[in-house]
Amino acid sequence: MEFALTAEQTQLRDTVAQFLESRCPISHTREVMTSTPGYDKERWVNLGRDMGLGGIHAPTECGGAGLSYSETCIVLEQMGNALYCGPYFSSNVLAVNALLIGGTTESRQFLADLVSCNRTATIAFIEEDALWNLSGVQCSERDGRINGEKSYVFNGSSADLILVIARCQPEGIFGLFALDGGAKGLHKDSVKSLDLTRQLARLTLKNADALRLADWNEHKHRQFLDLACIALANEMVGGAQRMLDSALEYSSTRVQFGRTIGSLQAIKHKCAEMLLKIEFARSAALCAAQFVRDESERSKMASMAKAMASDAFMNAASECIQIHGGIGFTWENDTHLWYRRAKSSEVYLGDSNYHRENYLQSLGL
Amino acid sequence: MEFALTAEQTQLRDTVAQFLESRCPISHTREVMTSTPGYDKERWVNLGRDMGLGGIHAPTECGGAGLSYSETCIVLEQMGNALYCGPYFSSNVLAVNALLIGGTTESRQFLADLVSCNRTATIAFIEEDALWNLSGVQCSERDGRINGEKSYVFNGSSADLILVIARCQPEGIFGLFALDGGAKGLHKDSVKSLDLTRQLARLTLKNADALRLADWNEHKHRQFLDLACIALANEMVGGAQRMLDSALEYSSTRVQFGRTIGSLQAIKHKCAEMLLKIEFARSAALCAAQFVRDESERSKMASMAKAMASDAFMNAASECIQIHGGIGFTWENDTHLWYRRAKSSEVYLGDSNYHRENYLQSLGL
Amino acid sequence: MQWTEARVRQEVRTWLGENWDPNARLIEWRNKLMDSGWGMPAWPTHWFGKDMPDGLIPTVQEEFARVNAVGVARTGIRLWAAETLLAHGNDEQRERFLRKILTGEEIWCQLFSEPGSGSDLAGVTTRAERKGQEWIVNGQKVWTTSAHHADYGLLLARTNWDVPKHQGMTYFVVDMKQEGVEVRPLKQMNGHASFNQVFFTDARIPLNNRIDEEGNGWRVAMTTLMHERRAANALAGQSRSKTPEGTIYEEERCENTVLSEPYTWYPQRAGRVDLAIDRAAATKTLDNPVVRQELAQLLMMSQCSEWTALRARAAREKGQPQGPEGSLGKLANSYIARQALRVHTITTGLGSMLEGEDAPMEGLIAEILLSVPAISIAGGTDEIQKNIIAERVLGMEKEPRLDGGPFREVRKN
Amino acid sequence: MQWTEARVRQEVRTWLGENWDPNARLIEWRNKLMDSGWGMPAWPTHWFGKDMPDGLIPTVQEEFARVNAVGVARTGIRLWAAETLLAHGNDEQRERFLRKILTGEEIWCQLFSEPGSGSDLAGVTTRAERKGQEWIVNGQKVWTTSAHHADYGLLLARTNWDVPKHQGMTYFVVDMKQEGVEVRPLKQMNGHASFNQVFFTDARIPLNNRIDEEGNGWRVAMTTLMHERRAANALAGQSRSKTPEGTIYEEERCENTVLSEPYTWYPQRAGRVDLAIDRAAATKTLDNPVVRQELAQLLMMSQCSEWTALRARAAREKGQPQGPEGSLGKLANSYIARQALRVHTITTGLGSMLEGEDAPMEGLIAEILLSVPAISIAGGTDEIQKNIIAERVLGMEKEPRLDGGPFREVRKN
């Protein structure tokens with residue numbers, strides 16, 4: 001296992017960070033998050049196509065960079081830090097992962113489009129009241145048409161391509177399907193997301209035309225979820241770090257009682273504890289990214305990363321508000337945007353309690 | 001419900017506190033805790049007989065004071081504060097409670113002896129691997145002789161009278177039995193207790209002669225355990241308060257870096273949090289004592305009191321060591337004696353997790 | 001003439017019998033209250049009161065409640081504004097302001113906090129400078145409730161920069177409806193806008209609007225804050241369960257609606273412990289042992305907090321010395337709210353990702369998740385609260401001060 | 001003549017081939033190490049070393065390990081005592097002390113901490129006063145490991161009370177085997193006695209046992225502490241898995257047994273995370289969902305802490321700038337130990353009430369319960385550790401100092 005970034009990885013990290021800082025500052029995010037697609041398409045193309053980040057861990061034959069999942073996670077960490085609000089996570093990570101896991105020629109033929117940012121995609125895999133496995137999937141396909149409902153679909157309203165997990169009838173097995181964003185029978189409801197920087201949709205499918213890309217099963221689904229957890233954990237570590245940095249910056253300038261609040265033990269100790277939690281989460285997220293091909297360890301590492309990162313980010317965001325005092329509770333102050341991301345990410349893909357339990361089960365206990 | 005002590009209760013509290021402070025200081029406890037009975041019999045007689053505390057909530061016709069359980073709990077709080085190490089808890093509270101709950105003429109005839117401190121008693125109701133109900137009881141009686149083993153018996157080696165819960169054969173119902181401390185077939189093993197101020201014994205009964213005092217059942221057992229929890233919770237609140245007072249005293253005199261450590265925010269905030277936990281626990285313990293006759297509320301209140309008091313005491317004892325720094329970790333410093341009591345009391349009668357669950361169940365959830 | 005409980009009860013009952021009319025006009029009725037002394041019976045006879053000892057006020061209130069008689073205007077900062085002016089104002093100021101505060105005809109706001117002085121309230125840098133027959137005010141205040149409705153504001157401003165910080169402030173009444181005073185709403189992270197920012201640009205205050213001596217502002221502000229705390233304590237648990245019949249109640253309700261609007265999200269801020277069990281049942285998480293632990297912890301904390309408050313009250317009522325239990329409420333509420341937030345998150349699960357009408361409980365859960373962070377900040381952060389508990393209740397040594405000497409030289413934002 | 005890795009490897013291999021004998025007498029062998037320079041190769045050639053750059057020391061160590069050759073004496077404070085004397089001692093002192101420290105013939109102890117100066121190490125009040133040709137020492141030290149075995153002690157004492165606290169201390173070597181030095185063991189709450197109190201009553205130090213200049217004691221002590229930290233880092237993970245054959249190893253083991261005795265309870269102090277899963281299984285609590293949460297939390301923290309340490313090491317090895325991850329170990333260990341204590345309590349249940357041979361795991365669990373509290377105190381409390389992280393790693397502003405000016409006038413215990 002590698003415990004330090006390589007020179008190339010450090011460079012990747014810094015390049016992405018610089019781009020996001022200069023081109024996607026939070027002021028820009030505030031502007032675009034309320035726009036109709038909810039993001040700035042140009043910036044997304046800059047990142048995905050111009051900077052070549054559209055399919056970092058996708059094989060070169062699909063137009064990807066052929067790097068490892070670690071590099072994808074490095075990019076996500078910076079996006080979490082900057083609260084980047086484009087469809088990178090949904091399209092270039094989740095959808096790309098699903099297509100790679102699908103593994104068929106049919107699924108691969110879509111990859112090039114996503115990797116090159118010709119189209120945005122998302123994946124609809126959660127249903128109301130669903131557990132984190134396939135047993136709760138009610139969406140079903142028969143004769144190339146899907147009926148059912150999907151919830152919590154990232155960027156679902158704006159995506160050009162929608163991947164759907166559904167039960168194939170009459171066989172009863174599961175499949176990965178592709179729908180055009182404008183497919184007949186596909187009804188997209190934008191729902192108001194607590195995380196203002198990540199659009200959510202609920203999809204209703206009524207005899208919606210869909211192309212079956214690949215078989216799907218619990219094994220593939222587990223793999224998909226694990227990779228999603230690892231990606232999200234890295235993104236959350238970036239967010240948590242930003243919250244700590246923001247708290248440090250504010251507490252070094254805010255003066256009360258003739259001293260910076262950062263010189264007070266109460267604030268110092270809060271920050272030291274934030275740091276410890278963040279570094280633990282960073283270790284977990286960093287290492288988990290290296291286990292994506294290790295069947296026996298992957299789920300364990302993914303659950304650890306998700307649990308540690310959720311707790312670290314939620315803690316950091318809450319404490320960042322607290323350290324800012326009243327100003328931290330205002331709409332104008334940016335902290336709440338990360339707090340919203342933290343809260344949303346905390347429960348997405350299962351909360352920490354779920355993942356701690358899952359961790360022990362993955363250990364065989 | 002009464003939320004403030006009456007003038008009489010305040011006086012009782014102060015009288016007991018003064019006696020313990022002057023006659024049972026921790027230096028005295030250190031002396032007697034390693035002696036053979038593990039306590040000073042004279043002091044116990046002073047408390048129980050001379051001060052009339054031997055059976056506070058026992059009816060006057062048995063020689064008791066005929067007061068409520070609240071008064072008993074007020075005394076116990078002071079005993080916890082002072083880390084009193086006599087058999088008051090085992091004999092004058094647990095054993096007296098069992099006899100009162102037993103309720104028969106046979107059980108009442110022993111009461112006078114306990115209340116007047118003519119004899120010390122204890123009750124053996126826990127067996128290895130037992131749950132907190134009767135289903136795990138393996139001790140069984142046939143023809144007036146008991147066979148089996150009992151564990152975690154407070155003052156079991158020195159008690160003149162030992163009460164035992166056993167299964168009556170051949171009926172299969174349960175009974176409360178009395179054994180003389182020197183009964184044939186009763187083998188008493190002193191076991192080393194983590195709490196140096198509370199002697200523990202393991203009892204082995206081989207055809208030991210026993211007198212059946214009363215029938216026993218889940219209902220009575222629940223009542224007995226609830227009352228024990230409430231008593232212990234009040235004792236723990238006293239211990240926790242002592243830990244806070246000790247931390248405050250030390251931190252107001254200990255100077256580091258040219259200032260008392262009590263002027264540092266880290267120490268201040270620790271103490272404020274200790275206080276909050278203690279006052280919550282005190283509220284729970286104080287109120288629970290008033291629910292002993294309320295069948296529908298008693299278990300809920302007992303579990304709440306036990307859980308809150310365990311956590312408050314354990315927290316206070318740990319923080320008291322921490323605030324004392326290195327000196328707090330030495331044998332000579334008294335803090336560890338309370339820490340040991342806190343740890344021991346934390347698990348006795350079920351830990352906080354158990355009682356939180358039990359609380360919800362008692363709420364009908 | 002000595003007041004006794006019997007006499008009070010008899011007199012107020014008689015007076016109400018003769019005067020109370022549920023269909024009177026609100027302002028008219030309150031003017032009657034002010035004239036009679038029954039509106040503020042603890043106040044001096046020559047200032048709208050009856051010189052009645054504090055201990056007998058509950059008797060008056062009971063009699064008012066018995067017939068559902070409306071009292072003086074109490075919403076917003078009125079009571080503590082009036083108490084401050086009574087205590088520190090001169091007769092001319094009392095004459096000008098007290099009546100219309102308590103009839104509700106004029107609305108007031110409090111201008112203490114500033115962007116640069118939050119926890120450190122005495123760090124005020126809004127300046128008032130005397131120019132001829134006026135004071136000229138420049139600076140910024142924040143967290144001002146109802147500033148956009150207010151006719152007058154209680155202003156704490158710095159008038160001397162060369163003395164220690166607590167000695168250089170002066171207390172004024174400022175006319176809010178003037179050029180030079182700009183009010184902007186301040187939107188919170190939960191979407192509500194309960195508070196305002198107030199900008200002063202050469203705003204003008206006539207000389208006789210200074211309250212108490214120049215440099216005495218901190219002392220006057222302490223009076224205001226003391227009455228604010230008292231009112232907060234008294235308010236807890238006071239509300240009519242249902243509105244009786246009569247036109248006066250409608251007028252009263254209108255008044256309340258406007259001024260209590262800023263507080264509509266306050267229950268969410270406290271985490272809505274009352275919903276926790278139902279939510280666990282509704283989300284089918286009540287059989288999850290881990291959720292059960294958190295839920296039990298929440299319920300226990302909540303119950304213990306309530307009992308702790310009742311212990312404080314019982315001790316007060318028995319005349320026993322105030323124990324530590326009376327100072328823990330604010331900190332306790334903060335911890336309870338955070339635990340409630342935790343319970344709502346783990347019971348609601350994925351639904352916590354939503355906000356607005358389609359979200360769980362029509363967005364109520366989201367509002368809880370976004371409001372609770374305020375409770376450990378507003379009205380004194382948890383950290384300040386712990387300092388107060390440590391220093392005032394536990395008697396721990398104060399932190400050495402670094403803001404002594406002339407305020408001009410004190411390090412500030 | 002430049003050292004290169006190849007040359008180092010070849011030379012040490014040759015030398016070991018010619019000299020290493022697993023049946024040599026321990027002291028004899030170590031004298032040979034000191035004479036040859038292979039014992040402390042980073043040291044100067046004229047002081048028992050070979051002037052070798054730090055980066056090549058691992059190569060020497062590898063070659064020693066390859067043939068299981070015994071090195072210089074390292075138990076207790078020897079290495080950092082020797083480094084301090086090399087750095088700050090004069091030639092006479094180096095001549096007198098260095099060899100026998102490293103051969104292990106003489107045992108040393110460190111006399112810095114005092115009852116009144118724990119977290120505030122510079123608050124030393126043990127006084128050394130010059131009287132004629134001697135220094136006379138009075139005062140008390142504490143937390144002194146091996147003081148009862150020691151021949152010499154490294155003493156930090158105050159020699160000037162009229163200068164600021166850090167400037168008034170002087171560093172001495174004190175003969176521990178004299179009248180005037182009394183050593184008393186200090187029993188801990190877990191029953192072990194790892195440390196001593198040392199009382200000085202007119203103890204005598206010859207003039208030429210002063211290390212470095214008068215008043216320079218704090219600087220010298222910092223050197224000692226720096227080497228102590230380095231040694232602690234280097235030690236982690238270094239131990240022979242099994243003893244090879246040879247009489248020299250028996251002598252070494254005897255030496256180790258005596259001096260490592262104080263540390264036998266250290267694994268318990270760390271909470272014995274390694275036992276947690278087995279304990280949960282043995283106590284049949286592994287199917288308790290609440291226990292599972294706590295256990296998972298513990299295992300995750302432990303795993304993440306290990307990885308965080310490895311990240312720090314990897315960054316060092318790659319020559320990357322030291323990140324924050326390197327400073328968290330001590331605090332992390334404290335949190336992990338406390339979580340482990342919690343897991344041991346809830347898995348062991350009633351068994352936690354017992355101690356001694358009849359207790360769970362022959363008393364091991366009780367020892368954990370009674371030892372963990374030390375980990376957040378010894379070697380710097382969690383609170384001090386958080387200050388250090390905040391100020392040195394996160395760059396937060398230091399707390400204002402209140403202990404400036406002449407030490408005589410500084411408030412102290």
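Since this is a predicted model, take the numbers as computed values, not measurements. Values below: every heavy atom of this structure, side chains too, minus hydrogens, waters and symmetry copies. In what follows, chains carry the letters A, B, and so on, assigned in the order in which the sequence lines appear, proteins first and then strands, with residues in each chain numbered from 1.
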Exercise. Side chain, backbone, both or neither: which part of D:Leu354 has a non-hydrogen atom closer than 4.5 Å to chain B?
Worked result: both
Exercise. Under 3.5 Å, is there a donor-acceptor pair between the B:Lys343 and D:Thr345 side chains?
Worked result: yes
Problem set entry | Part of B:Thr260 lying under 4.5 Å from any heavy atom of chain D | both
Exercise. Which one of B:His336, B:Lys192, B:Met314, B:Glu128 has the most heavy-atom pairs closer than 4.5 Å to chain D?
Worked result: B:Lys192
Exercise. Given that the side chain runs from C-beta out, which part of D:Ala374 has a heavy atom under 4.5 Å from chain B: side chain, backbone, both or neither?
Worked result: both
Problem set entry | Crowding at CD, B:Glu249 (>12 non-hydrogen neighbours, <6.0 Å) | no
Problem set entry | Flag side-chain contact, heavy atom, 4.5 Å: D:Ile377 against B:Ile321 | yes
Seminar exercise, completed: CD (B:Glu346) and CG (D:Leu369) are apart, to the nearest 0.5 Å, by 9.0 Å
Exercise. Do the non-hydrogen side-chain atoms of D:Met353 and B:Asp195 ever get within less than 4.5 Å of each other?
Worked result: no
Exercise. Side chain, backbone, both or neither: which part of D:Ala378 has an atom under 4.5 Å from a heavy atom of chain B?
Worked result: neither
Seminar exercise, completed: For D:Leu402 and B:Arg259 the tightest heavy-atom approach is CD1-CD, 3.6 Å
Exercise. What are the two closest non-hydrogen atoms of B:Tyr152 and D:Leu350, and how far apart are they?
Worked result: CE2-O, 3.3 Å
Exercise. D:Arg338 versus chain B, heavy atoms under 4.5 Å apart: side chain, backbone, both or neither?
Worked result: neither
Exercise. Of the backbone (N, CA, C, O) and the side chain (C-beta and beyond), which part of D:Ile375 lies under 4.5 Å from a heavy atom of chain B, both, or neither?
Worked result: neither
Problem set entry | Enclosure of D:Arg392 CZ (heavy-atom neighbours >12, cutoff 6.0 Å) | no
Exercise. Taking D:Ala193, D:Ala122, D:Ser117 one by one, which has the highest count of heavy-atom pairs under 4.5 Å against chain B?
Worked result: D:Ser117
Exercise. When rounded to the nearest 0.5 angstrom, what distance separates CG in B:Leu200 from CG in D:Asp358?
Worked result: 11.5 Å
Seminar exercise, completed: Counting heavy-atom pairs under 4.5 angstrom with chain B, the leader among D:Gly356, D:Gly116, D:Gly349 is D:Gly116
Exercise. Heavy atoms, side chains only, cut-off 4.5 Å: are B:Asn333 and D:Met189 in contact?
Worked result: no
Exercise. Looking at B:Ser151, B:Ser318, B:Ser344, which makes the most heavy-atom pairs under 4.5 Å with chain D?
Worked result: B:Ser344
Problem set entry | Spatial distance of atom CD1 (B:Ile261) from atom CG (D:Asn413) [nearest 0.5 Å] | 9.0 Å
Exercise. Are side-chain heavy atoms of D:Glu383 and B:Leu264 found at a separation under 4.5 Å?
Worked result: no
Problem set entry | CD1-CZ distance between D:Ile384 and B:Phe257, expressed to the nearest 0.5 angstrom | 4.5 Å
Exercise. Should B:Arg340 and D:Leu370 count as side-chain neighbours, where that means a heavy-atom distance under 4.5 Å?
Worked result: yes
Problem set entry | Side chain, backbone, both or neither of D:Asp382 within contact of chain B (heavy atoms, under 4.5 Å) | both
Exercise. Is there side-chain contact between D:Glu399 and B:Gln265, with heavy atoms separated by less than 4.5 Å?
Worked result: no
Problem set entry | Portion of B:Leu337 that has a non-hydrogen atom of chain D nearer than 4.5 angstrom | neither
For this session: Please name the pair of heavy atoms, one in B:Leu194 and one in D:Ser352, separated by the smallest distance, quoted to 0.1 Å.
Result: CD2-O, 3.4 Å
Problem set entry | Heavy-atom contact with chain D under 4.5 Å, split by part of B:Arg198 | neither
For this session: For the residue pair B:Thr330 and D:Trp143, establish whether any side-chain heavy-atom pair is separated by less than 4.5 Å.
Result: yes
Exercise. Of all heavy-atom pairs between D:Pro373 and B:Tyr339, which one has the smallest distance, and what is that distance?
Worked result: CG-OH, 3.5 Å
Seminar exercise, completed: Okay, D:Lys165 and chain B: the region with an atom under 4.5 Å from a heavy atom over there is side chain
Problem set entry | Nearest heavy atoms of D:Gly118 and B:Arg254, plus distance in Å | N-NH2, 3.5 Å
Problem set entry | D:Glu355 side-chain N/O to B:Val191 backbone N/O, donor-acceptor pair under 3.5 Å | no
